[in-house]
Protein chains: 2
Amino acid sequence: MTTSGNFDLEKITSLLEGLEETIIFKLIDRAQFRLNPAVYMPGQSGFAGAAQQSLFSLRLRSQEEMDARFGRFCVAEERPFCARLPRPRRTAALPPTGLCIEDINAVNLSGKILSTYLDLVPRICRKGDDGHYGSSVEHDVYALQAIARRIHYGALYVAESKFLHDRSRYTRLILEKDVKGLISLLTRPGVEDRIMVRIRDKVDFAQANVNRTSRHVIDSGVVFRFYRAAVIPLTKRGEVLYLLNRTLDQQ
Amino acid sequence: MTTSGNFDLEKITSLLEGLEETIIFKLIDRAQFRLNPAVYMPGQSGFAGAAQQSLFSLRLRSQEEMDARFGRFCVAEERPFCARLPRPRRTAALPPTGLCIEDINAVNLSGKILSTYLDLVPRICRKGDDGHYGSSVEHDVYALQAIARRIHYGALYVAESKFLHDRSRYTRLILEKDVKGLISLLTRPGVEDRIMVRIRDKVDFAQANVNRTSRHVIDSGVVFRFYRAAVIPLTKRGEVLYLLNRTLDQQ
């Protein structure tokens, strides 16, 4: 089975573009609940014996333990936030990805994604406490997973695609461990600007006809800046990590 | 603490209206994956020793077991799909609802919600198999939970609100177990029509500017008919169940 179709840059960018609405929908749904700061505080979870953990971190671990059993993290672009997860209980025949990397976890940006997401939440949610703690952390986890999938998918597949299109230049930069050179070769500023403007428009379109007495509307500029400050640079950092870890003896 | 604010019909309908986008977003997100019929077939889950269950039903149970530990089903409008769920491990002080019913599970429409949802999936998803089994069942569960929350919230709070506004007529019909009379007194056809048209418009608005090469667009008429054939009648059936089980010796 050939995997070259996995690295058609047009297909990859179309898939990444399709994930934008998924991320936006999940952020908007999270923002229907107040910030509920207690859910991020250790010792406030209401779980017996969980003094060191917040409700949010308990939920994230619990979700990932379930997901791990269902085999989520066997998929290259699904990198977990938690360590020491259970082994999959499901055997699924996944097609080969064509990615050339020995340890896929060398490209795990989840820690950084988590911290930028937690900075984002107070910018999309109204202040205060509405008591909907369970729903808040549930939607936090959904949004986080959608963002992480987008970043890791972009990092892995865009990097390999670009490598295949300019093998000799990338190989030289990789052998020289020239991070700056790699970033410069990977960067397409016009494309990045287009993505951010599109994101802003999508957030506005998705909420254009909303009844503001029943739905909280999020600021499209906030999501624009989140893409600019987090999604795009983290994707690029992931591309560099992938390339630095790419096995060069394979094709 | 007074609970009368919980039964302000305007507030309730505003909350129900706000849940519409949540349901729509989750249906659209599910529809980004193919139908993947194998996920609904027993014995195809890939889980060892789960010959009788589909991947979908394993995921639904697994999600609800986690949710049960987090205390989800302590909330009146969160009625589970599965039986024999674990007890909550979280103690959360929930405010009194003001609902007058001894066994909240007397108003559990989850079985019917599940079957109507499974009929809906082939109408929003493209045929075929894309291999994204985990994502498909994950989004099935999110959509199902959003729909069930909407129906149960409507059933419980709308019914109690209407009861409080016309106590003597409802009491007589309840004592006579007059289901037909209750349905007739509960029904506001103009309101139902308005909801369905609004739903259709929201589905169209949410997808109006979408790039159809990167996102699958769902048919707003399908969601319109799902509301007409399932969400609205099931909510009403739940209202009747609530009223027939309402304790009449309380306020």
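Here is the naming used below: chain letters follow the sequence lines, and residue numbers restart at 1 for every chain. What you are looking at is a predicted structure, and each value in this text was computed from that prediction instead of being measured.
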Worksheet entry | Gap between atom CZ of A:Arg198 and atom CG of B:Asn209 - 0.5 Å precision | 13.0 Å
Worksheet item: Between B:Ala206 and A:Phe25, what is the shortest heavy-atom contact and its length?
Response: O-CZ, 4.4 Å
Worksheet item: With a cut-off of 6.0 Å (strictly less than), are more than 12 heavy atoms of other residues, nucleotides or ligands near CZ of A:Arg34?
Response: yes
Item to complete: Please check if the side chain of A:Arg90 supplies one atom and the backbone of B:Ser45 the other of a donor-acceptor pair under 3.5 Å.
Response: yes
Discussion item. Testing the basics here: between A:Ser214 and B:Ser14, what is the closest heavy-atom pair and its distance to 0.1 Å?
Written reply: CB-O, 3.0 Å
Fill in: Test item: side-chain donor near acceptor, A:Thr22 and B:Arg215, under 3.5 Å
yes
Worksheet, complete the sentence: Assert top hit (heavy-atom pairs under 4.5 Å, partner chain B, pool A:Lys26, A:Gln207, A:Arg69) equals A:Lys26
Worksheet item: Which region of B:Gln63, side chain (C-beta onward) or backbone (N, CA, C, O), has a non-hydrogen atom less than 4.5 Å from a non-hydrogen atom of chain A, or is it both or neither?
Response: both
Response to the item:
The side chain to side chain contact (heavy atoms under 4.5 Å, CB included) partner of A:Ser135 among B:Gln145, B:Arg149, B:Arg72 is B:Arg149
Practice prompt. Check whether any side-chain heavy atom of A:Glu21 lies under 4.5 Å from a side-chain heavy atom of B:Val210, and answer yes or no.
Written response: yes
Fill in: Per-residue contacts, residues 47-61 of chain B versus chain A, heavy atoms under 4.5 Å
B:Phe47, B:Ala48, B:Leu55, B:Leu58, B:Arg59
Response to the item:
Comparing B:Gly18, B:Gly134, B:Ala208 against chain A, the one with the most heavy-atom pairs below 4.5 Å turns out to be B:Gly18
Worksheet, complete the sentence: Scored by heavy-atom pairs under 4.5 Å with chain B, the best of A:Val75, A:Val137, A:Asp67, A:Leu94 is A:Asp67
Discussion item. Distance check, rounded to the nearest 0.5 Å: A:Leu15 atom CG versus B:Thr213 atom OG1?
Written reply: 11.0 Å
Discussion item. What part of A:Asp201 gets within 4.5 angstrom of chain B, counting heavy atoms only: side chain, backbone, both, or neither?
Written reply: neither
Discussion item. At a 4.5 Å cut-off on heavy atoms, which part of A:His216 comes close to chain B: side chain, backbone, both, or neither?
Written reply: neither
Worksheet entry | Distance in Å, A:Asp29 CG paired with B:Tyr142 OH, rounded so as to fall on 0.5 Å steps | 12.0 Å
